[in-house]
Protein chains: 2
Amino acid sequence: MANPMYRQIAEDLREQIESGALPPGSQLKTELELREQYDASRNTVRDAIRWLTNLDLVETRPGQGTFVTEPKTPFVTTLSGDPLTGLGGGEGETFKAEVHAAHRKAANSPVQVEIQNATEEVAARLRVPKDTEVVLRHERRFIDGTPYSLQTSYYPMDLVNRGAKDLQKAINIKQGTVTYLRDVLGIKQVGYRDWITVRAPNAVEAEFFKLPSDGRVAMYEVFRTAFDGNQTPMRLTVTVYPADRNQLIFNSGTVPPPHNAPGQDHTEV
Amino acid sequence: MANPMYRQIAEDLREQIESGALPPGSQLKTELELREQYDASRNTVRDAIRWLTNLDLVETRPGQGTFVTEPKTPFVTTLSGDPLTGLGGGEGETFKAEVHAAHRKAANSPVQVEIQNATEEVAARLRVPKDTEVVLRHERRFIDGTPYSLQTSYYPMDLVNRGAKDLQKAINIKQGTVTYLRDVLGIKQVGYRDWITVRAPNAVEAEFFKLPSDGRVAMYEVFRTAFDGNQTPMRLTVTVYPADRNQLIFNSGTVPPPHNAPGQDHTEV
DNA sequence: GCAAATTTGTTCGTATGTATT
DNA sequence: CAATACATACGAACAAATTTG
């Protein structure tokens with residue numbers, strides 16, 4: 001047996017999908033029909049379909065059938081922005097601007113504020129001792145009604161105690177927190193680092209983004225540490241994006257606005 | 001049935017793994033033992049293990065058993081670099097510098113050169129007509145003997161015709177192609193855009209990186225388009241990194257060198 | 001080096017549950 | 001409510017990879 005039968009069936013179906021014989025959205029034959037067609041057992045056919053499912057080529061719907069996956073329209077977030085005066089890409093108002101420029105509809109949940117003790121990870125990135133009090137500002141973002149990202153910013157509680165009271169109010173800070181902190185405390189953001197990882201979604205994320213709970217769809221996790229003039233972290237912003245509907249851009253030096261790649265939807269900040 | 005039995009078994013094992021009762025690298029009970037323990041069939045136990053496998057919590061080795069996944073030491077590539085005089089991060093000699101600074105051993109395959117007609121994707125990003133001749137320069141990269149990334153750069157054939165003959169020689173261009181193109185043709189790179197996507201590995205990549213062929217491990221794909229003074233693309237560099245062993249950093253503005261996050265291995269360019 | 005034992009991988013058949021039309 | 005289609009679960013047999021004696 002060179003290749004197991006379920007792989008051969010999967011390859012055959014895959015070719016039909018990639019050749020266009022089975023276009024996106026179309027329905028595959030039922031398991032029983034495929035069982036006849038390939039002279040295999042139903043379990044073997046299901047193994048083949050599971051293989052294709054893991055490759056994200058098809059999706060099964062109980063009671064309905066198996067369908068060729070329809071590619072999602074990716075949204076492209078430009079992470080590079082003005083490090084000094086404003087926010088980097090993907091944050092606050094720049095998110096809405098970027099989405100509207102792509103002729104799509106942006107929405108976000110009300111800001112949700114919490115006070116917590118820093119986890120080891122947050123403490124390390126903010127360079128404060130573990131369990132230091134931090135203010136969390138959490139937001140959920142949607143494009144055309146579909147959830148696209150989750151963002152949580154962490155600020156040392158110290159900033160609030162020194163006068164930045166609005167940080168712990170559950171209100172949108174219109175001018176942006178960067179401008180707010182400069183105006184109130186004279187703290188200037190001089191730069192930021194974006195640290196990108198990819199991992200499986202946790203249960204909360206799978207639920208919110210309506211992802212299959214088996215971790216098939218990966219998440220980008222972007223840790224943005226922003227620094228003030230003393231090269232001290234002034235905040236940490238963690239954003240998670242499902243990789244099946246998001247792409248990221250970072251510009252360096254002088255670059256023209258991008259052409260849209262085929263089938264992609266994008267605009268610059 | 002609130003939750004299927006295989007999920008309950010999976011959750012039970014998952015807790016043991018996450019609590020540390022089953023540490024990384026340790027071996028799970030065999031399928032037959034688990035079948036006894038949970039009073040289920042072997043197939044149901046296998047469904048549970050498959051679930052954990054998809055979450056990348058365990059891996060199975062035929063003839064040996066099932067083992068708790070050992071986390072890989074991620075390598076962190078800093079993609080932001082000097083957009084003007086040198087290369088961006090992750091390219092050419094900066095790759096070696098970055099790896100050595102992390103006290104690890106870098107290696108790369110000899111450069112492999114080809115001439116092809118641009119695919120639709122390459123043509124769009126280089127802003128040339130489809131099927132325009134382009135020179136490919138391809139390299140494989142290793143850290144401590146493990147494959148970490150694959151990089152292919154595309155240059156319009158026009159550059160070679162205008163005198164940049166070394167581009168189509170299968171030799172390492174010591175000073176870097178950016179410096180070479182400036183010296184020979186006076187073409188200056190003034191910036192670049194990095195466009196990041198995440199996707200399943202193709203067959204070649206799965207083979208090279210020794211990834212499971214079911215697309216469980218995602219790949220970063222970074223499209224770097226570099227621009228000259230006329231804001232015209234002068235090259236396209238496509239790099240793919242397996243997401244299980246790579247992380248990416250972009251700096252914006254003035255930022256200090258990073259502290260190492262827990263369990264991570266990193267140094268700045 | 002080889003044979004046996006162990007462990008996971010593949011394939012089949014069957015029955016029943018759950019979601020959707 | 002019935003029909004259809006995928007999901008879960010059991011049992012069994014043999015194949016392939018690896019380790020052990």
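The figures that follow rest on heavy atoms only: side chains count, while hydrogens, waters and symmetry mates do not. Numbered from 1 within each chain, the chains take letters A, B, ... in sequence-line order.
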A:Arg50 CZ to D:dA5 P: how many Å, rounded? 20 Å
Rounded distance (Å) that lies between atom C1' of C:dG17 and atom CE of B:Met5: 13 Å
Would you mind telling me which residue lines up with the more 5' stretch of DNA chain C, B:Ile49 or A:Asp47, judged by nearest nucleotide? B:Ile49
Hey, does B:Val222 have a side-chain heavy atom less than 4.5 Å from the side chain of B:Trp195? no
A:Phe250 backbone acceptor or donor facing B:Asp194 side chain under 3.5 Å: no
Do A:Phe142 and A:Phe208 have ring centres separated by under 6.0 Å? yes
Is the closest side-chain donor-acceptor distance between B:Asn43 and B:Tyr6 under 3.5 Å? no
Take B:Lys72 and B:Asp244, measure what salt bridge (charged side-chain N to carboxylate O under 4.0 Å, His left out) needs, and give me the verdict at the end. CA-CA 7 Å; B:Lys72 297 209 169 43; B:Asp244 65 349; 3.7 Å; yes
Is the B:Tyr154 to B:Phe223 ring centre distance short of 6.0 Å? no
Please pick, from D:dA9, D:dA7, C:dG9, the nucleotide with the shortest atom-to-atom distance to any side-chain atom of A:Thr60. D:dA7
Rounded to the nearest Å, what distance is computed from the CG atom of residue B:Asn3 to the P atom of nucleotide D:dA9? 10 Å
Which nucleotide in the list C:dG13, D:dT8, D:dC10 gets nearest to the side chain of B:Pro4? D:dT8
Regarding the side chain of A:Asn43, the nearest nucleotide among C:dT8, C:dT11, C:dT14 is C:dT14
Within this structure, what is the CD-to-P distance between A:Gln27 and D:dT4, rounded to whole angstrom? 14 Å
May I ask you to list the residues of residues 61-68 of chain A, by number, that have any heavy atom positioned under 4.0 Å from an atom of DNA chain D? A:Arg61, A:Pro62, A:Gly63, A:Gln64, A:Gly65, A:Thr66
Nearest-nucleotide check on DNA chain D, B:Val45 vs B:Arg42; residue mapping nearer the 5' end is B:Val45
Output the rounded distance in Å from CZ (B:Arg35) to P (C:dT8). 13 Å
So which nucleotide from C:dT10, C:dC12, D:dA9 ends up closest to the side chain of B:Tyr6? D:dA9
Would you kindly give the CD-to-C1' distance between B:Glu31 and C:dT10, to the nearest whole Å? 12 Å
A:Ser19 side-chain N/O to A:Ala21 backbone N/O, donor-acceptor pair under 3.5 Å: yes
Roughly how many Å is it from CZ in B:Arg7 to P in D:dA7, rounded to a whole number? 13 Å
Value in whole Å for how far the P atom of D:dC6 lies from CD of A:Glu59: 13 Å
Side chain of A:Arg46 only, please: which of D:dA7, C:dC12, C:dG9 is the nearest? D:dA7
